[in-house]
Amino acid sequence: MLMAGRITKKALAKTLEAVKPGVSTLELDQIALDVILSENAVPAFLNYNGFPKSICASVNDEIVHGIPSLERILVEGDIVSIDVGAIFNGYVGDCADTIGVGSIGKEAQRLIDVTRQSFYEGFAYCKPGCRLQDISAAIQAHVEANGFSIVRDYVGHGIGSKMHEDPSVPNFGKAGRGVRLEKGMTLAIEPMVNQGTHKTKLMADGWTAKTADESLSAHYENTIAITSGTPVILTEL
């Protein structure tokens, strides 16, 4: 799991380095694919339930699952979320981050920062004895205290030899509820945060999810492991 996570994070980091005005999301997909293959790993997203590419590239009001395209050219002021998964020796890593393309507005940057920090607010509860929704409630509280909304239609998940395993990990909920966390659990925690409404709409491609009111959205994700002590972020370099 640690090796899968490191490979996934390396692919994400290299892809984010290439984000700039004039780059297509398909070019970003190729960068991630090249990194994953060079590490003797397999792209987890490619052909997963029919998904056609190796990364999800979601721009501006796209929340998740944007399909990379040669026609989708990034421009100054966009924000783009890159989600990557890799399989190594039968185990899966999954992580995502959102960054600005060139210079972006202050509110767009605040959205990205709050989304990233909300992950860490939830991560603090990734220890034995806590309940699953302790994570969820901490994420939701941080997001809503900053005036943004948490997506309900898409959630995090357990992860291991399969990309999506039980339990689901919502980014909203009430502390003290859900399964009790135990040493050895591995979870993909991924807050998806909207500037406006939490409501979503699905595009005609059957994959791309957008905000219902066309407001900006940001996404941040890591694969984590619960241990007897400090939890471990597996998708760290």
Side-chain angles (χ1 to χ4, degrees), residues 8 11-12 15-16 18-33 43-46 48-85 94-105 107-116 118-119 139 143 147-157 163-164 170-172 188-222:
T8 306
L12 177 62
T15 304
L16 293 175
V19 169
K20 61 182 180 181
V23 171
S24 75
T25 53
L26 186 62
E27 291 175 83
L28 299 178
D29 181 79
Q30 187 63 52
I31 291 168
L33 176 60
F45 296 177
L46 186 61
Y48 182 79
N49 290 337
F51 190 78
K53 299 298 178 184
S54 299
I55 68 170
C56 299
S58 307
V59 183
N60 295 333
D61 63 335
E62 296 171 353
I63 302 166
V64 285
H65 305 155
I67 300 173
S69 166
L70 190 60
E71 286 73 41
R72 193 61 186 268
I73 307 296
L74 300 178
V75 301
E76 185 93 10
D78 282 345
I79 65 171
V80 58
S81 302
I82 305 295
D83 194 352
V84 184
D94 189 5
C95 61
D97 201 358
T98 304
I99 64 170
V101 181
S103 178
I104 64 172
E107 272 301 286
Q109 186 61 56
R110 193 171 75 86
L111 173 67
I112 292 171
D113 294 342
V114 168
T115 303
R116 185 177 289 121
S118 73
F119 164 85
I139 291 171
V143 168
F148 299 128
S149 66
I150 273 287
V151 171
R152 268 83 166 158
D153 295 336
Y154 303 90
V155 298
H157 48 93
M163 185 158 61
H164 293 111
N171 299 303
F172 58 95
I189 299 172
E190 51 176 325
M192 289 152 273
V193 180
N194 296 349
Q195 256 186 341
T197 179
H198 69 82
K199 295 181 179 179
T200 71
K201 55 185 178 183
L202 186 65
M203 297 297 96
D205 61 21
W207 285 101
T208 308
K210 289 189 176 185
T211 57
D213 60 0
E214 300 182 349
S215 62
L216 294 178
S217 185
H219 181 201
Y220 186 79
E221 175 184 21
N222 278 304

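Worth saying up front: this structure is predicted, and the values here are computed from it rather than measured.
Using bins of under 30°, 30° to 60° and over 60° for the plane-to-plane angle, the ring pair His65/Trp207 lands in the perpendicular bin.
A donor-acceptor pair under 3.5 Å is formed between the side chain of Asn171 and the backbone N or O of Glu190. With Gln109 contributing its side chain and Ile104 its backbone, the two residues share no donor-acceptor pair below 3.5 Å.
Enclosure of atom NZ in Lys201 by more than 12 non-hydrogen atoms of other residues, nucleotides or ligands within 6.0 angstrom is indicated.
Tested against Val193 for a side chain to side chain contact (heavy atoms under 4.5 Å, CB included), the candidates Thr98, Thr115, Ile63, Ile139 yield a single pass: Thr115.
The shortest side-chain heavy-atom distance between Tyr220 and Ile112 does not fall under the 4.5 Å cut-off. Taking 4.5 Å as the limit, every side-chain heavy atom of Val59 sits out of range of all side-chain heavy atoms of Val101. Considering only heavy atoms from C-beta on, Val19 stays 4.5 Å or farther from Val23 through its side chain. Looking at heavy atoms from C-beta onward, Pro21 lies out of side-chain contact with Val75 at the 4.5 angstrom threshold. For the pair Glu62 and Ser81, the minimum side-chain heavy-atom distance is 4.5 Å or more.
Minimum heavy-atom separation, Leu28 to Ala18: CD2-CB, 3.9 Å. When all heavy atoms of Val84 and Ala11 are compared, the closest pair comes out as CG1-CB, 4.0 Å. For the residue pair Leu33 and Ser54, the shortest heavy atom distance occurs at CD1-OG, 3.6 Å. Closest approach of Ile189 and Phe119 over heavy atoms only: O-CD1, 3.7 Å. For the residue pair Ile73 and Ser24, the shortest heavy atom distance occurs at CD1-CB, 3.6 Å. The minimum heavy-atom distance linking Met163 with His157 is given by the pair O-ND1, 2.8 Å.
Under a 4.0 Å N-O distance rule, the pair Arg116/Asp97 qualifies as a salt bridge.
In the model, Thr211 has no side-chain atom that pairs as donor or acceptor with a side-chain atom of Asn194 under 3.5 Å.
Distance check: Ile82 CD1 to Ile55 CD1 gives 4.0 Å after rounding to the nearest 0.5 Å. For the atom pair CG of Asp78 and CD1 of Ile99, the computed distance is 11.0 Å after rounding to the nearest 0.5 Å. Distance CG/Leu216 to CG/Leu111: 6.5 Å, rounded to 0.5 Å. In this structure, the separation between NZ on Lys53 and OG on Ser69 is 8.0 Å, given to the nearest 0.5 Å. Interatomic distance, CG of Asp61 versus CD1 of Ile79, reported as 9.5 Å (0.5 Å rounding). Rounded to the nearest 0.5 angstrom, Ser58 OG and Ile67 CD1 are separated by 10.0 Å.
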**Item:** Verdict with supporting geometry, His198 and Phe172, side chain to side chain contact (heavy atoms under 4.5 Å, CB included)
**Value:** CA-CA 11 Å; His198 69 82; Phe172 58 95; over 6 Å; no
**Request:** Evaluate the side chain to side chain contact (heavy atoms under 4.5 Å, CB included) criterion for residues Asp94 and Phe45: first the C-alpha distance (whole Å), next the side-chain angles of each, then the deciding distance (0.1 Å), finally the verdict.
**Result:** CA-CA 9 Å; Asp94 189 5; Phe45 296 177; 3.6 Å; yes
**Request:** Could you walk me through whether Val64 and Val151 pass side chain to side chain contact (heavy atoms under 4.5 Å, CB included), step by step?
**Result:** CA-CA 10 Å; Val64 285; Val151 171; over 6 Å; no
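For the side chain to side chain contact (heavy atoms under 4.5 Å, CB included) test, residues two or more places apart in sequence or in another chain that qualify with Ala96 are Asp83, His219, Glu221.
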